[in-house]
**Q** 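Got a structure for you, written out below as structure tokens; questions coming shortly.
Residue numbers start from 1 in every chain, and the chains themselves are labelled A, B, ... in the order their sequence lines are given, proteins ahead of strands.
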Number of protein chains: 2
Amino acid sequence: MITIKDVAKEAGVSVATVSRVLNNKGGAKPETITHVENVIKKLNYKPNKIAKSLSEGSSNLIALLVPTLNNPFFPELVREIEKVANENGYNVYLCNSDDDRMKVEYYLESMIDHYVSGAIINSLHVDASDLAELEKRGIRTITIDRANFEHPYSAITVDHTLGAQLAVTHLIRDEKCNNIVFISGPKNEKSAIDRLTGFTLALNEAGHPVKTHICYGDFGTASGYENTKALIQNGHSFDSIFCANDAMAIGAMRACHEFGIKVPSEVKIVGYDNISLASYMYPTLSSVDQCKEDIGRLAVNELIQLIKNPKNKQKQYELEPKLVIRNSSTINGGSINE
Amino acid sequence: MITIKDVAKEAGVSVATVSRVLNNKGGAKPETITHVENVIKKLNYKPNKIAKSLSEGSSNLIALLVPTLNNPFFPELVREIEKVANENGYNVYLCNSDDDRMKVEYYLESMIDHYVSGAIINSLHVDASDLAELEKRGIRTITIDRANFEHPYSAITVDHTLGAQLAVTHLIRDEKCNNIVFISGPKNEKSAIDRLTGFTLALNEAGHPVKTHICYGDFGTASGYENTKALIQNGHSFDSIFCANDAMAIGAMRACHEFGIKVPSEVKIVGYDNISLASYMYPTLSSVDQCKEDIGRLAVNELIQLIKNPKNKQKQYELEPKLVIRNSSTINGGSINE
DNA sequence: TTGAAAGCGCTAACAC
DNA sequence: GTGTTAGCGCTTTCAA
């Protein structure tokens with residue numbers, strides 16, 4: 001391993017000088033700078049980030065805590081965040097909690113251990129006191145969605161009330177549905193509550209009575225499948241399903257297929273997340289787009305601001321989702337796909 | 001921040017002693033140990049891993065280089081590897097190269113910077129000299145699949161020849177297909193070559209002529225879709241498609257649907273990877289299972305052996321894939337799903 | 001404009 | 001059994 005000392009010796013200067021040119025601190029003669037730079041190139045020297053972190057008391061690591069990698073939404077989000085982080089010279093420390101409090105705790109400690117300089121958190125199992133603990137340790141935080149609690153730190157949410165409202169209004173107004181099943185996420189979750197609010201809003205706006213049924217899934221494909229299957233087997237009739245995410249919508253669609261229920265002519269389905277696979281489903285899946293790209297970019301940028309400028313005030317952002325209508329919810333576009 | 005010094009002072013011992021109990025090095029009186037442990041608890045002290053890494057010249061990080069997160073196979077593999085690594089006290093440094101040599105280089109350097117103690121590598125863009133460089137720096141490596149080159153380091157491969165053979169034999173023998181399209185991965189890749197060999201083997205075993213057509217995709221859903229669409233539009237007739245991965249198979253299935261081609265009655269489709277969504281597709285997707293769980297567990301365990309025992313010899317493993325037959329390739333099971 | 005040296009938190013000889 | 005101390009590679013005062 002070749003160190004700053006080797007460079008200093010080879011260049012005939014002190015390590016301080018090398019450090020200066022390395023970090024563009026200025027205060028060195030132009031010719032010294034170019035000379036040192038040449039030596040660095042010649043020796044193919046790479047500064048040791050661990051030593052740098054220790055010395056500076058912070059790293060270039062950003063922790064990213066996600067609840068799962070099973071739901072394609074998260075890999076897609078991870079990818080986006082990683083991209084923006086890298087663009088800014090940060091590395092991502094991916095923490096997949098599998099929605100398990102034990103693993104969350106493990107990773108929260110691990111973030112501290114690794115001197116991460118900031119954390120992007122998306123988990124049901126993190127509460128305000130966890131965030132406080134991180135902040136106390138100098139780790140800036142920003143939560144993304146799925147937070148079911150109030151806290152004073154930076155946060156990005158998507159307006160789930162609006163998202164649900166868009167989806168349900170589409171079903172009622174455009175598609176004349178009047179018997180809607182809502183497969184929600186876990187009851188205790190803010191996004192589930194918000195979406196329920198949006199659901200209700202859309203019903204009220206309808207101007208006429210609409211039958212509804214609400215059941216609760218866990219955002220996994222299997223739970224969308226099982227819930228739908230149970231409804232069908234119990235003889236529950238419905239003309240549409242709105243799912244709190246695409247994974248569950250895929251499960252719901254699967255159940256319909258298995259029972260010979262035609263989508264969209266007999267039952268219309270709308271999901272949430274707009275994962276990239278949505279447009280490859282059969283039929284293609286209508287979905288509420290959460291703008292992963294915007295979330296990712298915003299999260300990283302905001303976090304970097306906080307890291308670089310510890311006095312910056314935390315901000316809360318709320319993004320607007322968009323409805324993407326495909327064949328699972330509309331007969332007009334669905335001729336080939338049925 | 002509370003350091004080892006604080007603990008030493010509070011406990012009335014030296015930092016060396018604290019370090020000893022921290023690392024279970026022994027050579028300390030039982031009562032000293034418990035005393036120090038109590039102080040550690042009382043102060044809620046967490047050793048700084050950065051400092052530890054710098055001091056020891058190694059970390060508890062394992063780098064995991066994957067080519068993409070878009071293809072669900074990889075998140076599923078990541079999850080498995082992460083799980084086993086955590087069980088063994090290691091953290092995973094996820095490096096997503098997006099199949100881009102630039103990013104690969106970035107991450108290879110980053111691995112060195114972060115003192116990772118080992119790397120699990122799955123990339124087309126890493127060659128033997130990259131591995132040699134890592135090993136030279138004390139980073140043990142193990143490649144998983146997709147390596148299209150020979151190297152002396154540890155490796156896990158799946159017998160793709162066999163996998164392809166199983167799939168194609170199934171199509172020919174069980175399903176009486178005699179006009180098969182093979183959507184391969186990139187030409188230069190070992191797995192593509194192996195699967196082609198398996199493809200040919202299965203044809204030879206058939207005992208009668210079978211028409212074939214081979215095209216090349218990039219493992220993305222879109223490329224499966226586009227290839228299939230082009231064949232259909234060009235009037236190419238076929239009765240089955242074997243895809244080098246499930247993502248492309250999903251794309252292929254989508255194209256068939258769009259052109260009103262019934263799967264499996266008119267065209268049978270088999271994929272590769274057995275991603276968890278395969279059983280939620282419509283129709284459910286037959287696929288060659290690579291045993292992600294086995295790959296993940298084996299990779300981590302082998303790597304840890306290498307790390308702990310630098311003199312251990314590298315080993316090569318080859319796993320056997322299994323064919324999982326679902327409705328996309330067999331009419332018998334497909335009545336509801338068509 | 002530069003260099004010497006202290007220090008980041010920890011480990012590991014080496015000494016007692 | 002335990003403590004002292006010299007590093008690990010880097011940054012950053014402080015002097016020169």
**Q** Any side-chain N or O of B:Ser14 under 4.0 Å from OP1/OP2 of D:dT2?
**A** no
**Q** Got a sec, which residues hit side-chain hydrogen bond (donor to acceptor under 3.5 Å, both in side chains) with B:Ser154, two or more places apart in sequence or on another chain?
**A** B:Glu302
**Q** Would you indicate what B:Ser53 reaches in the nucleic acid, counting non-hydrogen atoms under 4.0 angstrom: base, sugar-phosphate, or nothing?
**A** nothing
**Q** Measure CD/A:Glu31 against C1'/C:dT2 and give the value in whole Å, please.
**A** 13 Å
**Q** To the nearest Å, how far apart are B:Ile112 CD1 and D:dC8 P?
**A** 19 Å
**Q** Can you give one letter per nucleotide of nucleotides 9-16 of chain C, 5' to 3': B if a protein heavy atom sits under 4.0 Å from the base, S if only from the sugar-phosphate, - if neither?
**A** BBBBB---
**Q** Pairs in or reaching into residues 50-62 of chain B: which pass salt bridge (charged side-chain N to carboxylate O under 4.0 Å, His left out), with residues at least two apart or in two chains?
**A** B:Lys52-B:Glu56
**Q** Starting at the 5' end of DNA chain C, what dot-bracket string do you get if Watson-Crick and G-U pairs under 3.5 Å are bracketed, crossing pairs use [ ], other-strand pairs use | and unpaired bases use dots?
**A** ||||||||||||||||
**Q** Show every side chain to side chain donor-acceptor pair (under 3.5 Å) that has at least one partner inside residues 75-85 of chain A, sequence neighbours left out.
**A** A:Glu76-A:Ser276, A:Glu76-A:Lys292, A:Arg79-B:Asp98, A:Glu82-B:Asn96, A:Glu82-B:Tyr107
**Q** Under the salt bridge (charged side-chain N to carboxylate O under 4.0 Å, His left out) definition, can you give me all pairs with a residue in residues 1-25 of chain A, not counting sequence neighbours?
**A** A:Glu10-A:Lys42
**Q** Considering every strand and a 4.0 Å limit on heavy-atom distances, what is the contact class for A:Gly27: base, sugar-phosphate, or nothing?
**A** base
**Q** Salt bridge (charged side-chain N to carboxylate O under 4.0 Å, His left out): which pairs involve residues 110-121 of chain A, sequence neighbours left out?
**A** A:Asp113-B:Lys49
**Q** Apply side-chain hydrogen bond (donor to acceptor under 3.5 Å, both in side chains) to A:Glu37 and list each qualifying residue two or more places apart in sequence or on a separate chain.
**A** none
**Q** Should the pair A:Arg297-A:Glu293 be classified as a salt bridge under the 4.0 Å nitrogen-to-oxygen rule?
**A** no
**Q** Over how many whole Å does the gap from A:Lys9 atom NZ to C:dG3 atom P extend?
**A** 15 Å
**Q** Can you list the residues that meet the side-chain hydrogen bond (donor to acceptor under 3.5 Å, both in side chains) rule with A:Thr34, with sequence neighbours excluded?
**A** none
